[in-house]
Student: 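Supplied in structure tokens, the structure appears directly below.
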Amino acid sequence: MSSVFDVVLSSAFLAAALRVATPYLLAAFGGLVAERAGISNIALEGQMLAAACTGALVAGYSGSVALGALSGITVATLLGLLLAALRLELGADAIIAGIGLNLLASGATAYAVYTLLDDKGGTSGLDSGTLPTVPLPGIESIPVLGDVLSGQNLITWLAFLAAPFVAWLFYRTTFGFHLRAVGETPDAAASVGIPVRRVQYTGLALSGALAGLAGVFLSMGYVSFFVRDMTAGRGFIALAAVFLGGLRPWGVFLAALGFGAAEALAVQLGTLDVPPQLVSTIPYAMTLVALALYAWRRKRRGVGQAAPASL
């Protein structure tokens with residue numbers, strides 16, 4: 001037990017938790033923006049996967065990490081717009097359309113890698129490069145704090161800045177007001193002149209871009225190559241963080257950070273004498289517990305609100 005506490009309290013674990021939480025944070029904020037626009041983005045997993053694959057391939061062939069990252073984000077944004085078109089123009093169910101896009105991304109990325117590299121596993125044979133890290137000269141010499149904060153990837157810092165950005169967007173801008181209005185009561189929003197469809201398209205595009213940034217981090221920041229289906233359910237866990245956080249930016253931030261810490265803990269415990277099967281279930285078990293707590297909280301809130309009406 002003392003070994004577990006030593007792992008959790010170490011600077012290596014805290015640094016790893018920030019790094020591992022990065023894709024959860026970005027994907028969760030992407031899911032939050034879509035949810036606030038009134039369309040659930042179940043395609044987060046596929047958008048992350050498509051961005052990870054595109055980023056690694058483009059960076060490897062072009063020799064430009066920046067171009068690879070931009071290409072990955074663009075592909076994920078286009079998938080967000082495609083989801084919006086399927087829902088708004090064709091009337092498709094958002095859940096079914098999202099699942100379809102996830103399957104499309106899984107198959108298309110595997111096909112693209114095999115066609116271009118003759119490799120069914122990934123792009124490990126292609127030199128894709130990695131996105132830059134950010135040293136902090138004034139902090140890196142401080143014990144513990146320097147080890148945790150200095151040297152984190154650029155996208156990790158963007159992920160942590162996403163929380164105040166989304167909070168500002170929702171509550172301090174006209175677009176954020178329109179987005180929340182459209183997501184809650186689209187008919188009322190349309191009656192006061194808010195362009196409902198345009199707002200929803202913009203929201204789904206932003207959602208896709210955030211998920212794309214998460215995917216790019218996986219193949220060009222977390223590691224330096226793409227592996228088939230490397231998202232490993234992170235998009236779905238990010239969706240759980242959206243609802244566990246109560247559809248509020250800072251709540252989602254804390255929930256996603258918790259899921260990232262759970263995965264980092266699983267990785268760190270893998271070095272101890274702990275059964276690997278048990279360790280690998282930690283992030284998913286935490287997701288189930290979190291969703292159960294969310295459902296229980298909603299049920300209690302519903303009972304509390306309904307009680308006065310029955311008196």
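This structure is a prediction, so every number in the text was calculated from the model and none was measured.
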Student: In sequence, state the C-alpha distance, the side-chain angles, and the governing distance for Arg228 and Thr109, and then conclude on side-chain contact (heavy atoms from CB on, under 4.5 Å).
Tutor: CA-CA 7 Å; Arg228 182 175 180 178; Thr109 53; 5.7 Å; no
Student: Taking a hydrophobic cluster as the set of Ile, Leu, Val, Met, Phe, Trp and Tyr residues connected by side-chain heavy atoms closer than 4.5 Å, whether directly or through intermediates, do Leu126 and Val216 fall within one such cluster?
Tutor: yes
Student: Under 3.5 Å, is there a donor-acceptor pair between the side chain of Arg172 and the main chain of Leu169?
Tutor: no
Student: Does the pair Phe236 and Leu44 meet the rule for a side-chain contact (heavy atoms from CB on, under 4.5 Å), with working shown?
Tutor: CA-CA 7 Å; Phe236 298 110; Leu44 288 173; over 6 Å; no
Student: Are Phe226 and Ser124 packed together at the side-chain level, in the sense that at least one heavy-atom pair is separated by less than 4.5 angstrom?
Tutor: no
Student: Please name the pair of heavy atoms, one in Glu45 and one in Ala232, separated by the smallest distance, quoted to 0.1 Å.
Tutor: OE2-N, 3.6 Å
Student: According to the interplanar angle, ranging from 0 to 90°, do the rings of Phe165 and Trp168 count as parallel (below 30°), tilted (30 to 60°) or perpendicular (above 60°)?
Tutor: tilted
Student: Quick check: does any side chain N or O of Gln47 sit under 3.5 Å from a backbone N or O of Gly212, one acting as donor and the other as acceptor?
Tutor: no
Student: Examine Leu254 and Leu14 and state if one hydrophobic cluster contains both, with Ile, Leu, Val, Met, Phe, Trp and Tyr joined whenever side-chain heavy atoms are less than 4.5 Å apart.
Tutor: yes
Student: In terms of hydrophobic clustering (I, L, V, M, F, W, Y; side-chain heavy atoms under 4.5 Å; direct or indirect links), are Leu154 and Leu18 co-clustered?
Tutor: yes
Student: Once rounded to the nearest 0.5 Å, what's the spacing between atom CZ of Phe217 and atom OG1 of Thr156?
Tutor: 4.0 Å
Student: Do you know which two heavy atoms are closest between Ala85 and Tyr201, and how far apart they sit?
Tutor: CA-OH, 3.4 Å
Student: In Å, rounded to the nearest 0.5 Å, how long is the span from CG of Leu161 to CZ of Phe29?
Tutor: 10.5 Å
Student: Under 3.5 Å, side chain of Thr54 to main-chain N/O of Gly72, donor-acceptor pair present?
Tutor: no
Student: Give a yes or no on whether the backbone of Met230 and the side-chain of Arg234 come within a donor-acceptor separation of less than 3.5 Å.
Tutor: yes
Student: Any side-chain donor paired with an acceptor under 3.5 Å for Gln152 and Thr133?
Tutor: no
Student: When you measure from the side chain of Arg197 to the backbone N and O of Leu88, does any donor-acceptor pair fall under 3.5 Å?
Tutor: yes
Student: Sub-3.5 Å donor-acceptor pair from the side chain of Asn102 to the main-chain atoms of Gly46, do we have one?
Tutor: yes
Student: Is there side-chain contact between Gln200 and Val182, with heavy atoms separated by less than 4.5 Å?
Tutor: yes
Student: Any chance the rings of Phe253 and Trp250 have centres within less than 6.0 Å?
Tutor: yes
Student: Can you confirm whether Tyr222 sits close enough to Thr22 that some side-chain heavy atom of one is under 4.5 Å from a side-chain heavy atom of the other?
Tutor: no
Student: Taking Asn153's backbone N and O only, do any of them form a donor-acceptor pair with Arg19's side chain (distance below 3.5 Å, no angle check)?
Tutor: no
Student: Atom CG in Leu82, atom OG1 in Thr77: separation rounded to 0.5 Å?
Tutor: 12.5 Å
Student: Would you say the side chain of Asp119 lies within less than 4.5 Å of the side chain of Tyr114, judging by non-hydrogen atoms?
Tutor: no
Student: Restricting to non-hydrogen atoms, name the atom on Ala162 and the atom on Leu26 that form the minimum distance, rounded to 0.1 Å.
Tutor: CB-CD2, 4.4 Å
Student: Can you confirm whether the side chains of Asp229 and Ser106 place a donor and an acceptor under 3.5 Å from each other?
Tutor: yes
Student: For the CZ atom on Phe160, are there more than 12 heavy atoms of other groups (residues, nucleotides or ligands in this structure) within a distance under 6.0 Å?
Tutor: yes
Student: Measure across Val196 and Pro186 and return the closest heavy-atom pair with its distance rounded to 0.1 Å.
Tutor: CG2-O, 3.5 Å
Student: Please say yes or no: joined through hydrophobic side-chain contacts below 4.5 Å, possibly via intermediate residues, are Leu25 and Val20 part of one cluster?
Tutor: yes
Student: What is the minimum heavy-atom distance between Leu257 and Ala21, and which atoms define it?
Tutor: CD1-CB, 3.8 Å
Student: When you measure from the side chain of Ser62 to the backbone N and O of Ser64, does any donor-acceptor pair fall under 3.5 Å?
Tutor: yes
Student: Are Leu247 and Val252 packed together at the side-chain level, in the sense that at least one heavy-atom pair is separated by less than 4.5 angstrom?
Tutor: no
Student: Nearest 0.5 Å, please: how far is OG1 in Thr185 from CD1 in Ile194?
Tutor: 8.0 Å
Student: Is it the case that over 12 heavy atoms from other parts of the model lie below 6.0 angstrom from the OH atom of Tyr111?
Tutor: no
Student: Can you confirm whether Tyr61 sits close enough to Leu116 that some side-chain heavy atom of one is under 4.5 Å from a side-chain heavy atom of the other?
Tutor: yes
Student: Using atom types as modelled and distance alone, determine if a side-chain donor or acceptor of Ser219 lies under 3.5 Å from a backbone N or O of Ala52.
Tutor: yes
Student: Does the side chain of Arg36 reach to within under 4.5 Å of the side chain of Leu32, using non-hydrogen atoms?
Tutor: yes
Student: Val75 and Leu57: same hydrophobic cluster, using ILVMFWY side-chain contacts below 4.5 Å?
Tutor: no
Student: When you compare the side chain of Phe170 with that of Arg248, does any pair of heavy atoms fall below 4.5 Å?
Tutor: no
Student: OG1/Thr202 to NE2/His178 distance, rounded to the nearest 0.5 angstrom?
Tutor: 11.5 Å
Student: To the nearest 0.5 Å, tell me how far Leu204 CG sits from Leu79 CG.
Tutor: 11.0 Å
Student: Mind running side-chain contact (heavy atoms from CB on, under 4.5 Å) on Ile99 and Ile42 for me, showing each step along the way?
Tutor: CA-CA 6 Å; Ile99 293 174; Ile42 305 299; 4.2 Å; yes
Student: Return the minimal non-hydrogen interatomic distance between Gly203 and Val33, and the atom names on each side.
Tutor: O-CG1, 3.4 Å
Student: Quick check against the 3.5 Å criterion: does Ser224 have a side-chain atom that pairs as donor or acceptor with the backbone of Met220?
Tutor: no
